[in-house]
Amino acid sequence: MANSGLQLLGFVLAMLGWIALIAATIMPQWKMSSYAGDQIITAVAIYQGLWMSCATQSTGQIQCKVYDSILQLDASLQATRALMVVSIILGIFGIAVSTMGMKCTTCGGDDKVKKSRIAMTGGFVFLLGGLAALIACSWYGNQIIRDFYNPLLPINTKYEFGAGVFLGWAGSFLVLIGGGLLSCSCSRKNNYQKGYPKSGAKSKVPSSGRDYV
């Protein structure tokens, strides 16, 4: 029962992390314009995501533009996009495999040991997806930090962390924790039997062939 609860907890955490990764991939707020050290107060905030860039005015009007060409993007952005897509695809496979291997489902057969191994495989898939997302968010965040502290870049071209990076980090950690719980839920088959005598078996007392009066 405890093993089944561990599987369910890991699956729910991995599922929530996978949803967070999808939301982070779609969000355009991966980095936002920084005004640190800028003496001029501007009424426009610029956000950049993995697929588009947006400009938000003080009146609340938002204008977004999808990136025209993939070849014009820098290497860190292209790698981040690829890793996030890979993590989402791995999450789909992880959900399918883990669903077949969980004890609360019947689609994987009746063999408990086999189902536990299938659930463990789904956990490994979740671990790979969470690791890919963690590398993507960390790579993108490292690039933001390097550009921010680069003295050769003008102040108005520097950016800070956006909500998409933090959501991606949170989602990747949830997927890693959920995948780890699923991977640790594999039950081992007992190959030994206890040496208790059966109820129908009777022990025979060896007779010495002598009769005592």
Side-chain angles (χ1 to χ4, degrees), residues 13-94 123-180:
L13 291 177
M15 188 75 175
L16 292 176
W18 180 71
I19 295 174
L21 290 180
I22 295 177
T25 305
I26 299 174
M27 289 178 60
Q29 292 90 359
W30 275 68
K31 62 180 181 179
M32 58 183 181
S33 55
S34 175
Y35 302 104
D38 196 355
Q39 302 296 331
I40 302 176
I41 300 177
T42 58
V44 179
I46 300 176
Y47 299 93
Q48 289 189 4
L50 301 182
W51 312 97
M52 65 182 68
S53 60
C54 297
T56 304
Q57 299 181 1
S58 59
T59 57
Q61 185 179 2
I62 302 176
Q63 295 179 351
C64 296
K65 181 182 179 182
V66 181
Y67 298 133
D68 297 329
S69 176
I70 300 178
L71 301 178
Q72 293 180 352
L73 304 176
D74 54 354
S76 62
L77 181 57
Q78 294 184 18
T80 303
R81 291 170 65 170
L83 288 173
M84 292 300 292
V85 172
V86 168
S87 66
I88 293 174
I89 295 175
L90 288 175
I92 295 174
F93 285 106
F124 285 144
V125 176
F126 274 126
L127 288 175
L128 291 176
L131 185 61
L134 183 62
I135 293 174
C137 296
S138 300
W139 193 347
Y140 195 89
N142 181 53
Q143 187 64 35
I144 294 176
I145 295 175
R146 291 177 59 185
D147 292 341
F148 184 84
Y149 289 106
N150 189 0
L152 300 179
L153 293 178
I155 297 177
N156 55 359
T157 60
K158 295 183 178 181
Y159 292 87
E160 295 182 0
F161 291 107
V165 179
F166 296 109
L167 186 60
W169 273 328
S172 60
F173 280 119
L174 286 177
V175 173
L176 288 174
I177 294 173

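These values consider heavy atoms only, across backbone and side chains, with no hydrogens, waters or symmetry-generated copies. Keep in mind the model is a prediction, meaning the values are calculated, not measured.
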Enquirer: Which atom names give the shortest non-hydrogen contact between A24 and G164, and what distance separates them?
Expert: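 Closest pair (atom of A24, atom of G164, distance): CB-O, 3.6 Å.
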
Enquirer: Side-chain contact test, heavy atoms from C-beta onward, threshold under 4.5 Å: evaluate it for F148 versus Y159 and give yes or no.
Expert: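 Not touching, per the 4.5 Å side-chain cut-off.
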
Enquirer: For the pair S172 (side chain) and W169 (backbone), establish whether a donor and an acceptor sit closer than 3.5 Å, ignoring hydrogens and angles.
Expert: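 Answer holds: yes.
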
Enquirer: Indicate yes or no: at least one non-hydrogen side-chain atom of M84 is less than 4.5 angstrom from one of L21.
Expert: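 Yes, close enough: below the 4.5 Å cut-off.
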
Enquirer: Quick one: pull up CG in L127 and CG in L131 and give me the separation to the nearest 0.5 Å.
Expert: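 One finds 8.5 Å between CG of L127 and CG of L131.
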
Enquirer: Can you name the nearest heavy-atom pair linking A23 to L167, along with the distance?
Expert: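 It is CB-CD2, 3.9 Å.
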
Enquirer: Does the side chain of Q61 reach to within under 4.5 Å of the side chain of T56, using non-hydrogen atoms?
Expert: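 No, every pair of side-chain atoms sits at 4.5 Å or beyond.
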
Enquirer: Before we go on, tell me: are the rings of W30 and Y140 under 6.0 Å apart, centre to centre?
Expert: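 Close enough - the centres of the two rings lie under 6.0 Å apart.
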
Enquirer: Is the closest side-chain heavy-atom distance between W51 and R81 below 4.5 Å?
Expert: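 Yes, their side chains come closer than 4.5 Å.
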
Enquirer: From C64 SG over to Q48 CD, what is the distance, rounded to the nearest 0.5 angstrom?
Expert: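 Output value for this atom pair is 11.5 Å.
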
Enquirer: Between S87 and L83, is there a side-chain heavy-atom distance shorter than 4.5 Å?
Expert: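 They are not in side-chain contact.
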
Enquirer: Restricting to non-hydrogen atoms, name the atom on F126 and the atom on G91 that form the minimum distance, rounded to 0.1 Å.
Expert: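 Scanning both residues, the minimum pair turns out to be CE2-O, 3.7 Å.
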
Enquirer: Please tell me if the side chains of I62 and Y47 come closer than 4.5 Å, counting only heavy atoms from C-beta onward.
Expert: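 No, their side chains stay 4.5 Å or more apart.
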
Enquirer: Considering only heavy atoms from C-beta outward, does the side chain of I145 approach that of F161 to under 4.5 Å?
Expert: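 I145 reaches F161 side chain to side chain.
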
Enquirer: For atom OH of Y67, is the number of surrounding heavy atoms from other residues, nucleotides or ligands below 6.0 Å larger than 12?
Expert: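 Count over threshold, so yes.
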
Enquirer: Roughly how far, to the nearest 0.5 Å, is the CG atom of L176 from the CG atom of L128?
Expert: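 Interatomic distance, L128 CG to L176 CG, rounded to 0.5 Å: 9.5 Å.
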
Enquirer: Is there a side-chain hydrogen bond (donor to acceptor under 3.5 Å, both in side chains) between D74 and Q78? Walk through the geometry before answering.
Expert: CA-CA 7 Å; D74 54 354; Q78 294 184 18; over 6 Å; no

